[in-house]
Number of protein chains: 2
Amino acid sequence: MMNAMHYTRDNMAELLRSHDINPTHQRIEIAHALFSRQEHLSADQVMAIVNTRHSETSKATVYNTLRLFLDKGLVREVIVDPTKVFFDPNTSPHHHLYEIDTGRLSDIDAGQVRISGLPPLPAGMVTEGIDLIVRVRRKA
Amino acid sequence: MMNAMHYTRDNMAELLRSHDINPTHQRIEIAHALFSRQEHLSADQVMAIVNTRHSETSKATVYNTLRLFLDKGLVREVIVDPTKVFFDPNTSPHHHLYEIDTGRLSDIDAGQVRISGLPPLPAGMVTEGIDLIVRVRRKA
DNA sequence: CACCAATTTGGACTTTGTCTAATATCCGGA
DNA sequence: TCCGGATATTAGACAAAGTCCAAATTGGTG
């Protein structure tokens with residue numbers, strides 16, 4: 001909890017270290033891209049952002065890094081669009097709102113939302129996550 | 001409602017007609033593939049199944065047809081896996097269980113499930129659908 | 001400085017899905 | 001039956017997201 005209020009690159013390095021990730025240049029830039037805005041980004045958006053600033057970061061590194069962040073629990077993967085995966089820097093329990101027309105993905109705070117009556121899981125299974133996705137569209 | 005209890009090709013033709021779809025050979029085969037099993041299929045699975053039986057059906061036709069079925073409300077699209085879209089012949093309200101290891105997708109009856117406390121939608125937006133996806137994995 | 005491990009990189013490759021222009025099929029009317 | 005137009009189907013080229021790998025770079029440490 002209590003991530004730094006300002007997403008400086010130093011704070012990003014700190015965050016990475018606290019998640020057991022060696023804070024390299026590229027990783028810091030990628031983390032900064034993800035954490036310093038509320039919209040969720042896809043891999044190619046991350047790449048575009050990171051490559052505006054100084055050095056180039058390769059596609060392979062962006063994908064490697066995003067997967068690393070996933071593994072280390074720094075971000076969550078949100079699958080709403082068959083053409084690309086979004087990465088969500090918020091790993092606390094919450095849900096998602098997906099605007100079909102614009103492709104924008106935002107959070108729904110789980111605070112008020114209650115889901116009850118889910119059937120028991122099949123034997124030998126454990127829950128990996130519950131994704132509640134509300135798809136909306138601009139009124140015609 | 002009251003789809004035929006047996007998924008004969010004649011019944012499929014009937015089903016298609018009732019959804020305002022011209023029942024061609026290929027469409028009947030594809031509908032049959034989707035409706036005659038409880039697992040949800042992806043486009044390439046549909047293609048594999050349809051092409052075991054007699055005539056060949058082209059990739060383009062499979063995709064065209066699945067989109068047509070979608071538009072006509074015959075099937076639903078389920079997006080759980082970044083690598084492929086699943087098609088669900090059940091359009092009544094229900095949720096999904098996704099087995100991460102195997103890639104199998106099955107239904108959760110919405111009967112008992114209750115979702116409450118969703119925040120109001122942003123102004124000018126209408127809900128297009130609410131997807132509740134439970135991701136499970138075989139216990140280690 | 002030299003070395004070793006970790007990281008990054010370009011580019012080839014795979015997969016899912018789209019697009020298009022040509023062909024085939026179906027059906028109603030003369 | 002034959003014709004013509006609308007509807008379907010097709011092969012194959014193409015696009016975009018993501019993976020993979022071997023080579024090059026980087027960053028400590030002794």
Side-chain angles (χ1 to χ4, degrees), chain A residues 9 12-13 16-17 19-34 40-51 53-72 74-75 77-88 100 103 105, chain B residues 9 12-13 16-17 19-34 40-51 53-72 74-75 77-88 100 103 105:
Chain A
R9 287 178 173 67
M12 287 302 100
L16 294 183
R17 260 183 236 104
H19 282 258
D20 203 23
I21 296 169
N22 196 352
T24 67
H25 250 279
Q26 290 91 334
R27 288 171 182 174
I28 289 171
E29 287 305 315
I30 291 170
H32 187 263
L34 287 171
H40 304 337
L41 304 177
S42 59
D44 61 312
Q45 287 175 309
V46 168
M47 215 167 45
I49 290 169
V50 162
N51 283 336
R53 299 192 128 271
H54 25 115
S55 63
E56 298 280 305
T57 299
S58 73
K59 184 167 61 152
T61 297
V62 171
Y63 280 98
N64 286 344
T65 301
L66 290 172
R67 184 138 43 134
L68 178 67
F69 285 4
L70 262 184
D71 290 349
K72 297 297 188 178
L74 193 58
V75 301
E77 206 177 25
V78 186
I79 300 163
V80 281
D81 180 328
T83 73
K84 60 191 157 196
V85 171
F86 287 92
F87 293 88
D88 184 348
I100 297 174
L105 180 69
Chain B
R9 288 178 172 68
M12 288 300 102
L16 294 184
R17 260 182 235 105
H19 281 256
D20 203 23
I21 296 170
N22 196 352
T24 66
H25 253 282
Q26 289 90 334
R27 289 172 181 175
I28 289 171
E29 286 305 313
I30 291 172
H32 187 263
L34 287 171
H40 304 337
L41 304 177
S42 59
D44 59 314
Q45 289 175 309
V46 169
M47 215 166 45
I49 291 169
V50 163
N51 283 335
R53 299 194 128 270
H54 24 115
S55 62
E56 296 281 304
T57 299
S58 74
K59 184 167 60 151
T61 297
V62 170
Y63 279 98
N64 286 344
T65 301
L66 289 172
R67 184 137 43 132
L68 177 68
F69 285 4
L70 263 183
D71 291 348
K72 297 295 189 179
L74 193 58
V75 300
E77 205 177 23
V78 186
I79 300 164
V80 280
D81 179 328
T83 72
K84 59 190 156 195
V85 172
F86 287 91
F87 293 88
D88 184 348
I100 297 174
L105 180 70

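To find a chain, count down the sequence lines: A is the first, B the second, and so on, and within it residues start at 1. Only heavy atoms go into these numbers, but all of them, side chains included; no hydrogens, no water, no symmetry mates. None of the values given here were measured: they were computed from a predicted structure.
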Whole angstrom value for the distance that separates C1' of dA24(C) from NE2 of His25(B)
13 Å
Checking dG11(C), dG17(C), dT8(C) against the side chain of Val85(B) (C-beta onward), the nearest is dG17(C)
Hey, is the side chain of Tyr63(B) poking within less than 4.0 Å of OP1 or OP2 on dG17(C), counting only N and O atoms?
yes
Starting at CD1 of Ile100(A), measure out to CG of Leu105(A) and round the result to the nearest 0.5 Å.
12.0 Å
Rounded interatomic separation in angstrom, taking CG from Asp81(A) and P from dT18(C)
11 Å
Taking atom P of dA17(D) as reference, at what distance in whole Å does atom CD of Gln45(A) sit?
10 Å
Within less than 4.0 Å of OP1 or OP2 of dT8(C), is there a side-chain N or O belonging to Arg27(A)?
yes
Is the backbone N or O of Ile28(A) less than 3.5 Å from a side-chain atom of Arg9(A), with the two atoms forming a donor-acceptor pair by type?
no
Verify the contact: side-chain N or O of Ser58(B) to OP1 or OP2 of dT10(D), cut-off strictly under 4.0 Å; return yes or no.
yes
Report the residue (Thr65(A) or Ala43(B)) whose heavy-atom-nearest nucleotide on DNA chain C is the more 5′ of the two.
Thr65(A)
What nucleic acid atoms does Thr83(A) come within less than 4.0 Å of, heavy atoms only: base, sugar-phosphate, or nothing?
sugar-phosphate
Is any side-chain heavy atom of Leu70(B) closer than 4.5 Å to a side-chain heavy atom of Val75(B)?
yes
Please give, in whole Å, the distance from dT8(C) P to Met47(A) CE?
15 Å
Mind calculating the distance between CG (Leu66(B)) and C1' (dA8(D)) to the nearest angstrom?
15 Å
Side-chain atoms of Lys84(B) come closest, of dT19(D), dG18(D), dG17(C), to dG17(C)
Which nucleotide wins on minimum distance to the side chain of Lys59(A), given the candidates dT9(C), dT9(D), dA12(C)?
dA12(C)
Considering only dG10(C), dT8(C), dT9(D), which nucleotide approaches the side chain of Thr24(B) most closely?
dT9(D)
Would you check if the side chain of Glu29(B) reaches a backbone N or O of Gln26(B) as a donor-acceptor pair within less than 3.5 Å?
no
Answer yes or no: is there a side-chain heavy-atom contact under 4.5 Å between Lys84(B) and Asp44(B)?
yes
Rounded to whole angstrom units, what separation is found between the CZ atom of Arg17(A) and the C1' atom of dA6(C)?
16 Å
Residue pair Thr61(B)/Pro82(B) against DNA chain D: nearer the 5' end by closest nucleotide is Thr61(B)
Phosphate-side-chain proximity, Gln26(A) and dT26(D), N/O vs OP1/OP2 below 4.0 Å
no
Select one nucleotide: of dT7(D), dG12(D), dC20(D), the one nearest the side-chain heavy atoms of Asn22(B).
dT7(D)
From CZ of Arg67(A) over to P of dA17(D), roughly how many Å is that when rounded to an integer?
17 Å
Rounded to whole angstrom units, what separation is found between the CG atom of Leu16(A) and the C1' atom of dT7(C)?
14 Å
